**Student:** 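One structure coming up, written as structure tokens, with questions to follow.
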Amino acid sequence: MDDFIPVNEPLLDGNEKRYLMECIDTGWISSEGPFVQQLEERFSKRVGRAHGIAVANGSGALDIAVAALRLGPGDEVILPTFTIISCAAAVVRAGAVPVLVDADPVTWNMDPAQVARRITPRTKAIMVVHLYGLPADLDPLLEIARRHGLKVIEDAAQMHGQSYRGRPCGSFGDVSTFSFYPNKHVTTGEGGMLVCDDPELAGRCRSLRNLCFQASKRFVHEELGWNYRMSNLQAALGVAQLERLDAFVERKRHMGECYGKLLSAVPGLELPEPRRDYAESIYWVYGVVLKDDVPFDAAQAMRRLGALGIGTRPFFWPMHEQPVFCKMGLFADEHHPVAERLARRGFYLPSGLSLTEAGMKRVAGALASVMSGEGSGVSVGEGAA
Ligand SMILES: *Cc1c(COP(=O)(O)O)cnc(C)c1O
């Protein structure tokens, strides 16, 4: 059998090694090193924001965002049920109340109409999350926020290089966050970033990232923060990666198109939406959803693909179905049918920047054979891509 194709393999063939060697040669390896500030300046400029605050990971960025906006007990924060746990965890840990909305069946992002219906006098913020390749529909969401005086946290962890009606994702929140995990378009191994325009808010984020040490009395604390600092080693990778963001986005779009062609004739699959009038997908990952008449679910399809040497990942599992939140008494009797279906019928294919055309053809061939119910060996997409 051919080699296993992993679900993600990053591309590190630019200046990554050179900048890392620079850290070693100069001895600058901690968060005090010069690449951290360089990454903050270049990344925030790239998304059109005045301030960038580099952190240890994207989940920590959300913790900081919630704390920086002073969201706490009694405050309701509206967010999608279909997302990573980090979003709801940040709200719950702050003692605030997570209020969930279902996903749009086409873009898989939070449905603005449901957001409008869940506003109460206690609503303080909307956490907008962009998922899998297309941004959430920001105009109606921002209009709701404006009308009700709500803060907006924009989780753009998967949206490096994406824009909404020509304006960069990451430029829409009072504070916006990114992740640099290896399956994101820009990686630092582990890492993340907050961006914003308000200098005071940026200062709060910086302080919360650094244990809320004080300049004058260093070890006297007025507030609890975290050690969520990013190291110079991580930032060195990030600076090298950011240099090639445009090429990465182009490559991902090409991969999305290529998969689209290879899989268009395979029965039983819903393929990801390539565009809305506000954006072209950047295919953070290439997700597929099994149609309702397919007699097996995502878990079974993924198991069969694994046996054929293809790595996959399930879609997110909805927040209202998380045992940890149910045990806290949260979301009792809530149902969000779109998210429930996506979680059970959706998964994503190998999508890393190192994946070759030949690799994608093998993935598509394996998926076609799984969909046809055969063991292996069906070829698809002849002549495509
Ligand atoms: C990856 C991701 C995060 C978390 O980032 P980490 O760096 O892995 O902590 C948060 N939100 C979304 C939407 C993500 O995709």
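Small disclaimer: the values here were computed from a predicted structure and weren't measured. Both ligands and their constituent atoms are indexed starting at 1 by order of listing.
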**Student:** Evaluate whether atom CD of Q37 has more than 12 neighbouring non-hydrogen atoms of other residues, nucleotides or ligands under 6.0 angstrom away.
**Tutor:**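 For Q37, atom CD is not crowded (no more than 12 foreign heavy atoms under 6.0 Å).
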
**Student:** Should H221 and F213 be marked as a ring pair (Phe, Tyr, Trp, His ring centres under 6.0 Å) after you check the CA-CA gap, both sets of side-chain angles, and the distance that decides it?
**Tutor:** CA-CA 6 Å; H221 302 262; F213 285 133; 5.5 Å; yes

**Student:** I'd like to check whether S59 has a polar contact with ligand 1, where a contact means an N/O of the residue lying under 3.5 Å from an N/O of the ligand.
**Tutor:**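 S59 vs ligand 1: N/O contact under 3.5 Å present.
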
**Student:** Take the angle between the ring planes of F178 and F43 and call it parallel below 30°, perpendicular above 60°, tilted in between.
**Tutor:**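 Ring orientation of F178 relative to F43: perpendicular.
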
**Student:** Test of understanding: given a 4.0 Å heavy-atom threshold, classify the contact between A157 and ligand 1 as side chain, backbone, both, or neither.
**Tutor:**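 Side chain only; the backbone of A157 stays clear of ligand 1.
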
**Student:** Show me which atoms of ligand 1 lie under 4.0 Å from any heavy atom of N57.
**Tutor:**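 Every atom of ligand 1 under 4.0 Å from some heavy atom of N57: 7 (O), 9 (O).
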
**Student:** If the cut-off is 4.0 Å to any non-hydrogen atom of Q158, which atoms of ligand 1 fall inside it?
**Tutor:**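 Selected atoms, number and element: 13 (C), 14 (C), 15 (O).
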
**Student:** One residue to check: D155. Relative to ligand 1, which of side chain, backbone, both or neither has a non-hydrogen atom less than 4.0 Å away?
**Tutor:**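 Within the 4.0 Å criterion, D155 contacts ligand 1 through side-chain atoms alone.
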
**Student:** Just wondering, more than 12 heavy atoms not from W317 lying within 6.0 Å of its CH2?
**Tutor:**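 It does: W317 CH2 has more than 12 such atoms within range.
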
**Student:** Of the listed options (P182, S179, G191, A61), which comes nearest to atom 8 (O) of ligand 1 when hydrogens are ignored and any heavy atom counts?
**Tutor:**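 Closest candidate by heavy-atom distance is S179.
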
**Student:** Any atoms of ligand 1 less than 4.0 Å from a non-hydrogen atom of V129? List them with their elements.
**Tutor:**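 Result: 13 (C).
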
**Student:** Measuring centre to centre across the rings, with the benzene-like ring taken for any Trp, is F347 within less than 6.0 Å of F315?
**Tutor:**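 Ring centres of F315 and F347 not closer than 6.0 Å.
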
**Student:** Take every heavy atom of K184, measure it against each atom of ligand 1, and state whether any distance is under 4.0 Å.
**Tutor:**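 Contact present.
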
**Student:** State whether the shortest distance between N or O atoms of S86 and N or O atoms of ligand 1 falls below 3.5 angstrom.
**Tutor:**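 No, since none of the N or O atoms of S86 sits under 3.5 Å from an N or O of ligand 1.
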
**Student:** Would you say that more than 12 heavy atoms from the other residues, nucleotides or ligands in this model lie under 6.0 Å from the NZ of K124, or not?
**Tutor:**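 Buried by this count: over 12 neighbours within 6.0 Å.
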
**Student:** Counting each atom of ligand 1 from 1 as listed, which ones have a heavy atom of G58 under 4.0 Å away?
**Tutor:**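 Contacts of ligand 1 toward G58, numbered from 1: 4 (C), 5 (O), 6 (P), 7 (O), 9 (O).
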
**Student:** Would you call E270 and R341 a salt bridge, taking side-chain N to carboxylate O under 4.0 Å as the test?
**Tutor:**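 A salt bridge is present here (some side-chain N lies under 4.0 Å from a carboxylate O).
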
